[in-house]
Colleague: 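Quick one: the structure is below, questions incoming.
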Amino acid sequence: MPVTSVIRILPSGLKNQIAAGEVVERPASVVKELVENSLDAGGSRVDVTIEKGGRSLIVVQDNGSGIAADQLELAVTRHATSKIQSFADLSAISSFGFRGEALPSIASVSRFTMTSCAQDTGDASFIEIRAGEVVDQGPAALASGTRVEIRDLFSNTPARLKFLKAESTENRRCQDTLMRISLAHLKSGFSLTMGGRETFRLPANQDLPARLRGFWPPTVCDGLSPFDFERDGYRVHGAAGSPATAQGRAGRILLFVNGRPVQDKLMMGAVRQAYKGMLISREYPQIVLFLEVPTEDVDVNVHPAKLEVRFIDESRVFSVIRSGIMQAVTQMQESDNFSGAEAFGSSCEPVENTGFPGGGHVDHHSRSGHRSASMDFEEPKFSSYREFKADYNRPRSLDLSMPPTMGDSGSTMSAPGPGATSATPLAGTDFTYMGQVADTYLVLRQGQSLVLIDQHAAHERVLLAAMREQRTKGDSQPLALPLEMAVHPSEAEVLENLWVDLRGMGFMLEMDGPAKVLLRGIPPTLDTGKAKEYLGDALAEKAKNLDDLWTMMACKTAIKANQPLAVDEALALLEVWLQTPERDYCPHGRPIAMRWNPSDLEKLFKRK
């Protein structure tokens, strides 16, 4: 029989360390909790210092209201707080931290010193804690506000240290945390110093465009369009990016609820649905979205670090977010350059429209230009939260046998080139090339079946396969005069990470100071303009790894939609494509071929 252990009350230090496991996951969690305390104290200036990814030192100093000397020990006592007084306060929480767990939890896993000057007395005091125990306290020198100094984080819990990542990774997480908080508090100024170097300094009372430009490169910020929508007491506002600047990761989708940075599937789903029809499955827009709802309609206490929330009226939240973003999307469509940049407080030159003829459809993968301002807007698939929720967990699959939507009746098949017949067999196969439709799709007959090939997608797959086979030979075409490119601080870090891969692809690069790169050579497959555009996309983090870089280059290099092909060109592409691995799908996951057998055609024409 199992032995029944005696039930005991845990020591206070152990209770705080258990709470720390929920609240203090890593150095970025400490930064979040301390900066939010500074904002709750009315700080209009918050300065953060990080050493060795936060392991050795984290300092957060503000100019807020401060804490009186007789309150310092209470501030580091678990479940002691000035932010709620009664149970009724829990339904209308407006502060960021309120449960009184952060400071004692942090103090239990570090060497903790807090110095504060109470605004009403002007006297400063400090308290010093080691592993959760007070070791010293008394008068101190501080002009105003509060300074919290954390040293040797997790030094007394070595098991936690094993889960921390490299210093650069933890630094980046701290920077991302402070960036998100700063975007929600434009009236306050912030600074971050890491490894003795000031990473950024943001003045107080900035507007959103100015603050974003401190973090995101100009190519991204110029493609943002503002939105502000309100319905039934729910308001959503912020800035949404053009689909033309979408990237391959969701790192620039920033969501806030009543000023709190959150990670919420419902909100993310509403964002994706607002862009439905303009992005492929692996593309993500850039967006900063602030949702404001009555405090009684949202529960912010469902996650220890308050990263998740729960809404009373999920359907209304979904609808308001979707409508707000569609307001920005409509604004982009009506803009001559489809970037929204002028409305967002900057200017840029109009770009050439590139859409399909007749039907207004757009090649989502060709980045030879931005989408046409006159393109047809495809309504999101789900018009309500109920529809979205019902479909959310449905398995996704691509079926090549599904017939496509009927195209523009005005599209015609291209005439064959000089001396060619109207039907050309492909040697060694059972395919017969019939011609080209809309200068975009290649028409084939395979036995009794009809096949359509997307020429851009097929060429992308061929090029990517060739790049994978050749790997990183580093062949380069030198330029007579180097091209200069300005580099934003956020782009400089990306460039450093991609430097070796870019060199292996044929880019000859040279830094000319911290904010400029010289392009001295380019891959032989790209012209100068495409090479510069490609490099800009890479620095905008549209690629996460070498394979993504190859995919981008394949997309840049591949023949485009709306490009007429001579018969011999089409045959050459088809012959290589038929020998290419994974030929049914393009690198982005779209089907390359659509096929109808006689039975499919009979169903299409309702003959059975």
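The figures that follow rest on heavy atoms only: side chains count, while hydrogens, waters and symmetry mates do not.
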Colleague: Which atoms form the tightest heavy-atom contact between R147 and L142, and what is the distance?
Modeller: N-CD2, 4.1 Å
Colleague: Could you tell me which non-hydrogen atom of G54 sits nearest to which non-hydrogen atom of P27, and how far apart they are?
Modeller: CA-CB, 3.9 Å
Colleague: When rounded to the nearest 0.5 angstrom, what is the spacing between OG in S182 and CG in L39?
Modeller: 10.0 Å
Colleague: Looking just at side-chain N and O atoms, do N63 and S44 make a donor-acceptor pair shorter than 3.5 Å?
Modeller: yes
Colleague: May I ask you to decide if V293's main-chain N or O and N258's side chain share a donor-acceptor pair within less than 3.5 Å?
Modeller: yes
Colleague: With sequence neighbours left out, what residues match F215 under ring pair (Phe, Tyr, Trp, His ring centres under 6.0 Å)?
Modeller: F200
Colleague: At their closest point, which heavy atom of P217 faces which heavy atom of H488, and how far apart are they?
Modeller: CA-CG, 3.9 Å
Colleague: Is there a donor-acceptor contact under 3.5 Å from the side chain of R211 to the main chain of H185?
Modeller: yes
Colleague: Would you say the side-chain atoms of R130 pair up with the backbone N or O of V135, donor to acceptor, closer than 3.5 Å?
Modeller: no
Colleague: Nearest 0.5 Å please: distance from the NZ atom of K532 over to the CD atom of E484.
Modeller: 9.0 Å
Colleague: Any heavy-atom pair between the side chains of V48 and F190 that's under 4.5 Å?
Modeller: no
Colleague: Is there a side-chain contact between I106 and S110 in this structure, where contact means two heavy atoms from C-beta onward sitting under 4.5 Å apart?
Modeller: yes
Colleague: Looking at every non-hydrogen atom in both residues, tell me the closest pair between P104 and T77 and how far apart they are.
Modeller: CG-C, 3.9 Å
Colleague: Hey, are the side chains of V257 and D264 touching, using non-hydrogen atoms and a 4.5 Å cut-off?
Modeller: no
Colleague: Using only atom types and a distance under 3.5 Å, with no angle test, would you say the side chain of T177 pairs donor to acceptor with the backbone of R173?
Modeller: yes
Colleague: Would a distance-only check, ignoring hydrogens and angles, find a side-chain to backbone donor-acceptor pair under 3.5 Å from D152 to S155?
Modeller: no
Colleague: Quick one: does R172's side chain get under 4.5 Å of E493's, heavy atoms only?
Modeller: yes
Colleague: Quick one: closest heavy-atom pair of V134 and E73, and the distance?
Modeller: CG2-OE2, 4.2 Å
Colleague: How many angstroms lie between atom OG1 of T115 and atom CD of Q61, to the nearest 0.5 angstrom?
Modeller: 8.5 Å
Colleague: For residues 504-522, which side-chain donor-acceptor pairs fall under 3.5 Å, sequence neighbours excluded?
Modeller:
from : atom 1 : to   : atom 2 : distance (Å)
E510 : OE1    : R520 : NE     : 2.7
D512 : OD2    : K516 : NZ     : 3.2

Colleague: Does any non-hydrogen side-chain atom of K32 lie less than 4.5 Å from one of R180?
Modeller: no
Colleague: Ignoring hydrogens, what is the shortest heavy-atom contact between F256 and M267? Give both atom names and the distance.
Modeller: O-CE, 3.9 Å
Colleague: Once you round to the nearest 0.5 Å, how far does CD of E128 lie from CG of L72?
Modeller: 12.5 Å
Colleague: Would you call R45 and D47 a salt bridge, taking side-chain N to carboxylate O under 4.0 Å as the test?
Modeller: yes
Colleague: Going by atom types alone, do Q273 and R322 pair a side-chain donor with an acceptor below 3.5 Å?
Modeller: no
Colleague: Any non-hydrogen side-chain atom of E491 less than 4.5 Å from a side-chain atom of L495?
Modeller: no
Colleague: Does any non-hydrogen side-chain atom of R252 lie less than 4.5 Å from one of W216?
Modeller: yes
Colleague: Checking V298 against R310 for the side-chain contact (heavy atoms from CB on, under 4.5 Å) test, could you report, in this order, the C-alpha distance in whole Å, the side-chain angles of both residues, the deciding distance, and whether it holds?
Modeller: CA-CA 6 Å; V298 58; R310 183 165 53 205; over 6 Å; no
Colleague: Quick one: does any side-chain atom of S116 pair with a main-chain N or O of I67 as donor and acceptor, under 3.5 Å?
Modeller: yes
Colleague: Would you sort out whether F227 and V236 count as a side-chain contact (heavy atoms from CB on, under 4.5 Å), showing the intermediate values?
Modeller: CA-CA 8 Å; F227 60 91; V236 62; 3.8 Å; yes
Colleague: Knowing that exactly one of V60, I150, I129, T146 qualifies, which makes a side chain to side chain contact (heavy atoms under 4.5 Å, CB included) with M114?
Modeller: T146
Colleague: Quick check for you: to the nearest 0.5 Å, what is the distance between M268 atom CE and I287 atom CD1?
Modeller: 9.5 Å
Colleague: Does the side chain of L57 come within less than 4.5 Å of I50's, by heavy atoms?
Modeller: no
Colleague: State the CZ-CZ distance between R151 and F112, to the nearest 0.5 angstrom.
Modeller: 13.5 Å
